[in-house]
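Count residues from 1 along the sequence. These numbers were taken from a predicted model, which means no experiment stands behind them. For the numbers below, each heavy atom of this structure counts, side chains included, while hydrogens, waters and symmetry mates do not.
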Amino acid sequence: MKKSQNPSAVRSRQEISNALLKLMQKYPYAEISVKQIIMETSLARKTFYLNFSSKDDVLESILDELIGEYTDALSKANEEKNPAGTKNLDEAISVDTTAKVDTITNPLSVIFSFCDKNKDFLSLLHKNKMLYLLLIRLNEFLPEYSKTEDMSSNPFVKLMGELEPDYLIAFNVGAIWNVLFKWIDRGMVDSLDSIQETLKKNLKRISA
């Protein structure tokens, strides 16, 4: 359902989302009921169903909000690597000789910053064997996002040649995010900075 942007409705959705996340810290997701979520809030049952259709709808809303923040950060990074007034990537590179490096490092920095910022939520998804939901959402959102962004600078383009954009995006998501899922699976004990730097070095070789 389309979510109302009325301030009261936005606050209610945030309270409900926070309640679900709090419960997920204590109980397996499968055991959490809508009744429990409502009891964790100051809201009436009617208010819950005015904003969400189910427990799954709440979780999907949380995922969509996070991915919205993620794609906004990617767009901002893309704007920063292409100076104002430039028409395309080639022109941007002629203006800034560091642009070629930025096309590789900026997206990775966004991805890793996103994971670091949201590691508690990612850990909850992992605990409930639900990380695949994030992958599904990324595969749904990113093809649409890519239609508004310059993909010519993607370091995988050179490696994959004439592969259609949808497949290229799927390759990106599978490659980078599965590395991050392994980091989560290993308990997030490994250095994200070290993983990121290793990936950057190899991606720069590909795009050289």
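- Annotation: the span from Ser12 atom OG to Asn51 atom CG amounts to 5.5 Å, rounded to 0.5 Å.
- Separating the CH2 atom in Trp183 from the CD1 atom in Ile195 is a distance of 7.5 Å, to the nearest 0.5 Å.
- Side-chain atoms of Thr71 come within 3.5 Å of backbone atoms of Gly68 as a donor-acceptor pair (strictly under, hydrogens ignored).
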For residues 125-136, tabulate all N or O donor-acceptor pairs below 3.5 Å that involve a side-chain atom, not counting sequence neighbours.
unit_1, atom_1, unit_2, atom_2, d
His126, NE2, Asp185, OD1, 3.0
Lys127, NZ, Met24, O, 3.0
Asn128, OD1, Tyr29, N, 2.6
Asn128, ND2, Leu124, O, 2.9

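- In terms of modelled atom types and a separation under 3.5 Å, the side chain of Ser61 and the main chain of Asp57 share no donor-acceptor contact.
- Side-chain atoms of Lys55 come within 3.5 Å of backbone atoms of Ile32 as a donor-acceptor pair (strictly under, hydrogens ignored).
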What's the verdict on side chain to side chain contact (heavy atoms under 4.5 Å, CB included) for Ile111 and Tyr70, showing C-alpha distance, side-chain angles and the deciding distance?
CA-CA 8 Å; Ile111 294 169; Tyr70 168 60; 3.2 Å; yes

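- Met188 has its side chain out of reach of Cys115: every pair of non-hydrogen atoms, C-beta onward, lies at least 4.5 Å apart.
- In this structure a side-chain-to-backbone donor-acceptor pair under 3.5 Å is missing from Gln196 to Phe112.
- When atom types are taken as modelled, the side chain of Thr41 and the backbone of Ile38 share a donor-acceptor pair closer than 3.5 angstrom.
- Side chain of Asp190 to backbone of Arg186: no donor-acceptor contact under 3.5 angstrom is found.
- Annotation: the span from Lys119 atom NZ to Leu180 atom CG amounts to 13.0 Å, rounded to 0.5 Å.
- Within the 4.5 Å cutoff, the side chain of Val34 has heavy atoms near those of the Tyr49 side chain.
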For the pair Phe121 and Leu63, evaluate side chain to side chain contact (heavy atoms under 4.5 Å, CB included) and give the outcome as yes or no after the intermediate values.
CA-CA 10 Å; Phe121 177 64; Leu63 284 167; 3.8 Å; yes

Does the side chain to side chain contact (heavy atoms under 4.5 Å, CB included) test come out yes or no for Leu43 and Phe48, once each step is laid out?
CA-CA 7 Å; Leu43 306 171; Phe48 178 94; over 6 Å; no

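- To the nearest 0.5 Å, the span separating CG on Asn18 from NZ on Lys22 amounts to 10.0 Å.
- A donor-acceptor contact shorter than 3.5 Å links the side chain of Gln36 to the backbone of Ser33.
- The side-chain heavy atoms of Lys35 and Arg45, taken from C-beta on, include no pair separated by under 4.5 Å.
- Between Lys76 and Asp72 no salt bridge is recorded (no basic side-chain N to carboxylate O distance below 4.0 Å).
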